[in-house]
2 protein chains.
Amino acid sequence: MLDGLRIVLVEDDEIMGGSLLQRLELEGAQVVWFKQMHRALGAIRTPQRTIDAVICDIALPDGNGEELYNTLCQTATPPPFLFITGQGGIEQAVRLIKSGAVDYITKPFDMGAFLKRLSMLVIPAETPDFPPVLGVSSAARQVEKLVARAASSDEPVLVRGGPGLGKDLIARRIHDLSDRCAAPFTAVNLAREEDPDSAIFGAGGAFDLAGDGTVFLNGIGRLDRPVQDRLTEAFETRRAARVIAACGHDLEALIEAGQFSSELFYRVAQVEIMVPPLGARPEDAVWLLEQLFKKLAPQRAAGLEGISPLCLAAARDHDWPGGGREVRARLVRGLARAAGNVLQPSDLFPESLAAPHDQMSLAEARDAAEKTQIIAALDRTGGQIGEAAKLLRIARTTLWEKMQKFGLS
Amino acid sequence: MLDGLRIVLVEDDEIMGGSLLQRLELEGAQVVWFKQMHRALGAIRTPQRTIDAVICDIALPDGNGEELYNTLCQTATPPPFLFITGQGGIEQAVRLIKSGAVDYITKPFDMGAFLKRLSMLVIPAETPDFPPVLGVSSAARQVEKLVARAASSDEPVLVRGGPGLGKDLIARRIHDLSDRCAAPFTAVNLAREEDPDSAIFGAGGAFDLAGDGTVFLNGIGRLDRPVQDRLTEAFETRRAARVIAACGHDLEALIEAGQFSSELFYRVAQVEIMVPPLGARPEDAVWLLEQLFKKLAPQRAAGLEGISPLCLAAARDHDWPGGGREVRARLVRGLARAAGNVLQPSDLFPESLAAPHDQMSLAEARDAAEKTQIIAALDRTGGQIGEAAKLLRIARTTLWEKMQKFGLS
DNA sequence: AGCCCATGTTCGGATTTCCGAACACCATAA
DNA sequence: TTATGGTGTTCGGAAATCCGAACATGGGCT
């Protein structure tokens, strides 16, 4: 009935929680049970994998379910919430449902009916019709949607994003999903190409080989003006092939500086797909890490059985400025250096060992972070303490105290 | 408070209905009272004029309010429904709210609070003589008064305010309310114009086309001195057209710096209308958001039923430096990314979800530092919690708590 | 079994931190 | 001149955090 669904249960009552847990697992769901609000908060906010539903009691020892839901809404799009409660008020029910909660049920309730409602409500949300290539985060899903939409159109596409985010994969995927999928797909990496002009337009070049397929131009910002103009012209003469281009975030700056033709930009950016950086979607980072591990570990490090949870946590925290490429590089290096039977954080991030942060006590580390953050905030506001305090979300007086403590004034 | 609102009251109890009727009419609403379901059904389905809200009892002699609502839903989109009931059930409340009712209140209730919620929830559909273009706040009303006064005079007007506050709408409105409304209204956006001089004075330019109508000069601060002088001169020679100008807040600075003619300033600022920033009048921000939602949601996001109260609260808090333009842009983006059936805060403010390295709150920065430090310590001790705690100079239990908080286990 | 040791977990109180109110002070704008 | 708005500073209570004690658990060792 609920096979494979990942459900979070938040319930402090042992009996109630136990029976729910049992029943849900019987139905095939993977359930994680929290008895306190703050624990559930952390787990839902940074989930190991996407959560399909949250079943949440209202009365909790360290808060209430409403609070939990509201807090989540501030920073993220929460998964579907079903509230169950013993002392429910109509007022509260109305408020929660209007805030987007999926259901609100009073105890005691009929378990069979409850499960039926649950399966009705939750299942349609999750239908992965094809294996995810970019990631599992909601942001990645968003991009996939855009990709699908781009595939069904026939306009030129501009894919934008930092390095190592799979812009080439996206282009390939658009081609494969489009009705040109039977025709050739040719890619040119402008950053590597010696002679871009001939690689694109020459005999045996991209357009030549593509026929009425798709031409993918990676790093379009590197083109010099003459080739840009030829490309613009190519659009006008209606080449047979469809064009997908990719570039980093700096194209506007290039246009501003007059190094990139704004006309070409508008031609090629009929559809624009922005790929958010990997650091902004930690779920994808760990997902990718696990995927690559599965693929690479058997050959390269036969002894390794898995990745330690700590290591995954560290990966979730890391910024990954190099995108997927960095994930792969670090993993390869880590696999070579791993000693035990699981991959440790120091394998993936050896530089953190040498860091001076090492044997600092927690309080010191915390203070150091506070200090730099405060300095940054004060810098941003030009020394305006009140404003800086607002930025840091603390009271003005508290900031003043801290400044005194750190000797800033 | 409820001036001009058309409200349908469905209530069989004489006392209750009478007191509600009395009170609502006291507040300025036009109320029609039905005591039976089938009568109300007919009246709502084929209304004389648009109905702003329905206040509906559940228990009725010939049926119940839910039935009434559902019947209406099948044939049309009903006006906002507020249910009031004596023997309400949570089950029922949840069902009704999920199917789109605006509120569900149990008797007895506090009349004052009820009226407040009513006025908050219900937005006047159309007030034909006076559709508010700027907002509903007292500040916006103030501006409207100034607009009306400006329209009745014939002096040049200077409209001032940040971007996206509808300065163009104000100019248009002054024109439409003035006795030049039959003559042409021509607008020039000086920020976009290549050749301001000819766009204003040239053949086919604003003055030429306006005749004895109104000329609107947006972004007057961008004019260079020669054109300023020509404009000043135009005032002296008494052109036929009336001039309305608009600019940001920086005009005084320009005058100070000698880049703007103070004489022209005094000429054009005979009447000065200051539009306060949207961040200073939160009611208008949410009002505008709701207006735009009503207009845009049906086309762009058919599944969406409304805006979550949390989201409205977030909108009320936001600064809206981009004015109405920002409201619109954020809404459009949010509609595209919304997942559930209501718009969530993270849809409208995705940057709070993935702030690219920007300004973290102090607590976040501190937590991040703690987390990495803890991971490093645990890594060093090979996962030995007690040892790691000693390294970090905190109690074992404290470390355990933190590990829970950060989801490490 | 019996013991040892580390962990998982709760609890109550000690301590620290945080906040808001309040007041004095000093610019600067009206 | 008077408002106004930001800052420096103090203070008391509220809230969080931290800690140690305590107890159960469970795995490894003899």
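Proteins come first, then strands; the chains are lettered A, B, ... in the order of their sequence lines, and each starts at number 1.
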Separation of C:dG8 atom P from B:Glu401 atom CD, nearest Å, is 14 Å
Side-chain atoms of A:Trp400 come closest, of C:dT9, C:dT7, D:dT10, to D:dT10
Here the distance between atom C1' of D:dC18 and atom CD of B:Glu370, to the nearest Å, is 11 Å
Whole-Å distance between C:dT7 P and B:Gln404 CD? 14 Å
For the helix from C:dA1-D:dT30 to C:dA30-D:dT1, what is the angle between the axes at its two ends, each from 5 pairs, rounded to 10°? 30°
Between protein and nucleotides 20-23 of chain C, what N or O pairs are separated by less than 3.5 Å?
| residue | atom | partner | partner atom | Å |
| --- | --- | --- | --- | --- |
| C:dG20 | N7 | A:Thr397 | OG1 | 3.4 |

Using whole Å, report how far CZ of A:Phe34 lies from C1' of C:dT9. 16 Å
Tell me whether the OP1 or OP2 atom of C:dC18 has a side-chain N or O from A:Lys402 closer than 4.0 Å. yes
Residue whose nearest DNA chain C nucleotide is more 5′ - A:Lys35 or A:Ile394: A:Lys35
Separation of D:dG6 atom P from A:Met403 atom CE, nearest Å, is 16 Å
Do side-chain atoms of B:Gln228 reach the backbone of B:Gln259 as a donor and acceptor pair under 3.5 angstrom? yes
Of the options C:dC18, D:dC19, D:dT7, whose atoms approach the side-chain atoms of A:Thr398 most closely? C:dC18
B:Arg393 side chain near D:dC19 phosphate (N/O to OP1/OP2, under 4.0 Å): no
Donor-acceptor pair, A:Trp33 side chain versus A:Glu11 backbone, under 3.5 Å? yes
A:Ala101 and A:Phe83: which non-hydrogen atoms are nearest, and at how many Å? CB-CE1, 3.6 Å
Closer than 3.5 angstrom, by distance alone: can the side chain of A:Lys390 be matched with the main-chain N or O of A:Arg396 as a donor-acceptor pair? no
Can you tell me the distance, in whole Å, between the CG atom of B:Leu399 and the C1' atom of D:dC19? 13 Å
Examine distances only and state if a side-chain atom of A:Arg23 and a backbone atom of A:Met111 form a donor-acceptor pair shorter than 3.5 Å. no
Starting at atom CG of A:Leu392, determine the distance to atom C1' of C:dC18, rounded to an integer number of angstrom. 14 Å
Would you please test B:Thr372 and A:Asp317 for side-chain contact (heavy atoms from CB on, under 4.5 Å) and show each step? CA-CA 8 Å; B:Thr372 63; A:Asp317 260 11; 3.8 Å; yes
Within the distance-only criterion (no hydrogens, no angle test), does the side chain of B:Asp379 pair as donor or acceptor with the backbone N or O of A:Ser346 below 3.5 angstrom? yes
Closest non-hydrogen atoms of A:Pro78 and A:Leu72, given as atom of the first, atom of the second and distance, are CB-CB, 4.3 Å
Find which nucleotide of DNA chain D each of A:Arg366 and A:Ile385 is nearest to by heavy atoms, and output the residue with the more 5' nucleotide. A:Ile385
Under 3.5 Å donor-acceptor, A:Asp347 side chain and A:Gln344 backbone: yes
A:Ile374 CD1 - C:dT17 P separation (whole Å): 13 Å
